[in-house]
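Single-structure report; data block below.
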Amino acid sequence: MLIKRAADIAHSEITPKSTYLNRRAFLAGLPAAFLGARALTAGTKLPNVTKSPYSTSEKINSFNDVSTYNNYYEFGTDKNEPSVYAKGFKTSPWTVSVEGLCAKPRKFSIEEIMALAPLEERIYRHRCVERWSIVVPWIGYSLSTLLKQVEPTSKATFVAFETFFDRKQMPHAAGLDFPYVEGLRMDEAMHPLTLLTVGMYEETLPPQDGAPVRMILPWKYGFKSVKSIVRIKLVSSVPPTSWNKQASNEYGFYSNVNPKVDHPRWSQAQERRLGELRMRPTLLFNGYGDQVASLYNGMDLKKYY
Ligand code: MTE
């Protein structure tokens, strides 16, 4: 084997940064293709996904339930429309800008997001404000991992999310102002349960479920879980949220699942799991109270709904 001394090594022979980053991704358990030229398409198998201790042991819904009964108003307002109208949605190339009150704002490609941390499978209950619930094996890692990369300043007290909108690709968008926006308090955003989600059922997300990257907040109503994120901004005041702009008396900023706080037009005390006929009692914080109740100590949950 020929051993070269540093002085003999031409610049062109030194491993470029991109290759080195590729290797790191590989070591983290991802195929180099994630950082290479190959487009990340929906339904790509995600390797080396670890099981999360945060998972519920409840029965998982079928892939069909989760991918054909969706709310994604950019692709139509009926539950069966997103799986039809989101077909062919272009999710590559894709970047997420993480910006605002932080020391190191920057854009992340979806491949960089995929490679930032080991991916975990988290089987979460997910409760929609419309009283249906599902159990899904989501794949991702805690949003805090991404936010720490940009070093939020002490002035960052809220996080604002903005999602993709392109009328050409989304001709059936209706019912809301677009782009869809959402927000969290900083401590909610940094909570370990708050999942930056890139896959489900061992694969990358289908377009109708929010490809290529969405949030999942298992203790909040489903509309807080924004799909197809393009911007995450650290801010110092409560950010606007799409459903609150639409009907502020019906949809508050916090939107924590709470069986004792009714929606003005219906009770939230019960829910129906997709695929079942019976109603089940809804649990405070969707059953995640042990982990998240302390975030709301001393707050009147009827006032801050
Ligand atoms: N994100 C965007 N961009 N657009 C939407 O219309 N709908 C929300 C949320 N995220 C929505 C969105 C609502 S109302 C719900 S209940 C959940 O997505 C549904 O997620 P699911 O289809 O994966 O169950």
Side-chain angles (χ1 to χ4, degrees), residues 42 60-86 89 91 94 96 122-140 143 160-167 169-184 194-201 203-232 239-247 250-253 255-257 263 266 268 271-275 282 286:
I60 293 172
N61 276 90
S62 70
F63 180 88
N64 193 54
D65 282 343
V66 179
S67 60
T68 60
Y69 192 83
N70 300 101
N71 275 337
Y72 197 165
Y73 278 39
E74 288 87 332
F75 294 109
T77 53
D78 284 351
K79 306 273 182 285
N80 59 335
E81 287 181 331
S83 60
V84 179
Y85 295 142
F89 175 46
T91 56
W94 192 278
V96 180
R122 299 226 190 137
I123 305 168
Y124 277 164
R125 284 183 296 280
H126 185 50
R127 164 69 152 81
C128 181
V129 76
E130 296 163 295
R131 293 194 299 186
W132 45 275
S133 63
I134 44 179
V135 176
V136 184
W138 301 111
I139 298 170
L143 174 68
F161 298 88
E162 188 181 311
T163 72
F164 181 86
F165 186 63
D166 170 18
R167 177 63 65 183
Q169 286 200 72
M170 298 162 153
H172 300 277
L176 286 174
D177 277 348
F178 298 105
Y180 194 101
V181 290
E182 255 303 336
L184 294 172
T194 299
L195 190 65
L196 185 72
T197 307
V198 295
M200 64 184 215
Y201 298 86
E203 296 178 348
T204 51
L205 291 167
Q208 63 270 31
D209 284 278
V213 57
R214 70 174 297 176
M215 293 308 306
I216 291 291
L217 291 136
W219 73 98
K220 291 180 179 283
Y221 292 117
F223 65 87
K224 298 293 287 182
S225 295
V226 285
K227 297 176 170 179
S228 309
I229 300 166
V230 291
R231 191 186 312 279
I232 300 178
T241 67
S242 283
W243 281 100
N244 182 259
K245 285 198 290 181
Q246 187 74 6
E250 300 191 3
Y251 308 104
F253 177 77
S255 297
N256 292 318
V257 174
H263 184 280
W266 58 81
Q268 291 290 21
E271 67 197 54
R272 192 174 70 81
R273 186 72 39 97
L274 285 194
T282 286
N286 201 22

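As the structure lists them, so they are numbered: ligands from 1, and atoms in each ligand from 1. We count residues from 1, following the sequence as given.
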Please state which protein non-hydrogen atom is closest to atom 10 (N) of ligand 1 and give its distance, to 0.1 Å? Ser225 O, 2.9 Å
Ligand 1-proximal atoms of Asn71, by part, heavy-atom distance under 4.0 Å: both
Of the protein's non-hydrogen atoms, which lies at the shortest distance from atom 17 (C) of ligand 1, and what is that distance? Gly222 O, 3.4 Å
Answer with side chain, backbone, both or neither: which part of Trp132 has a heavy atom less than 4.0 angstrom from an atom of ligand 1? side chain
Contact check, Cys128 vs ligand 1, heavy-atom distance below 4.0 Å: yes
Is there a donor-acceptor contact under 3.5 Å linking the side chains of Tyr201 and Ser67? no
Does Tyr73 reach ligand 1 with a nitrogen or oxygen that is under 3.5 Å from one of the ligand's nitrogen or oxygen atoms? yes
Take every heavy atom of Glu130, measure it against each atom of ligand 1, and state whether any distance is under 4.0 Å. no
Just checking, any donor-acceptor pair under 3.5 angstrom between side chains of Arg273 and Ser133? yes
Is the Trp94-Phe164 ring centre distance short of 6.0 angstrom? yes
Of the protein's non-hydrogen atoms, which lies at the shortest distance from atom 21 (P) of ligand 1, and what is that distance? Lys227 NZ, 3.5 Å
For Thr163, the ligand 1 atoms with a heavy-atom partner under 4.0 Å come out as 3 (N)
Below the 3.5 angstrom mark, is there an N/O of Trp138, backbone or side chain, next to an N/O of ligand 1? no
Could you grab the distance from atom NE2 of His126 to atom CG of Leu217, nearest 0.5 Å is fine? 9.0 Å
Do Asn71 and Lys79 pair up side chain to side chain, a donor and an acceptor below 3.5 Å, judged on atom types alone? yes
Counting non-hydrogen protein atoms only, what is the nearest one to atom 5 (C) of ligand 1? Give residue, atom name and distance. Tyr180 CE1, 3.3 Å
If the test is side chain to side chain contact (heavy atoms under 4.5 Å, CB included), which one of Arg214, Glu81, Met170 qualifies with Tyr72? Met170
Do any nitrogen or oxygen atoms of Asp209 come within less than 3.5 Å of a nitrogen or oxygen of ligand 1? yes
Closest protein heavy atom (residue, atom, distance) for atom 23 (O) of ligand 1: Arg214 NH1, 2.7 Å
Verify whether one side chain among Tyr124 and Trp219 offers a donor that lies under 3.5 Å from an acceptor in the other. no
Ring centers of Tyr221, Tyr251 separated by less than 6.0 Å: no
Output yes when the distance from some N or O of ligand 1 to some N or O of Glu74 is under 3.5 Å, and no in every other case. yes
Rounded to the nearest 0.5 Å, what separation is found between the CZ atom of Arg125 and the CD1 atom of Ile123? 11.5 Å
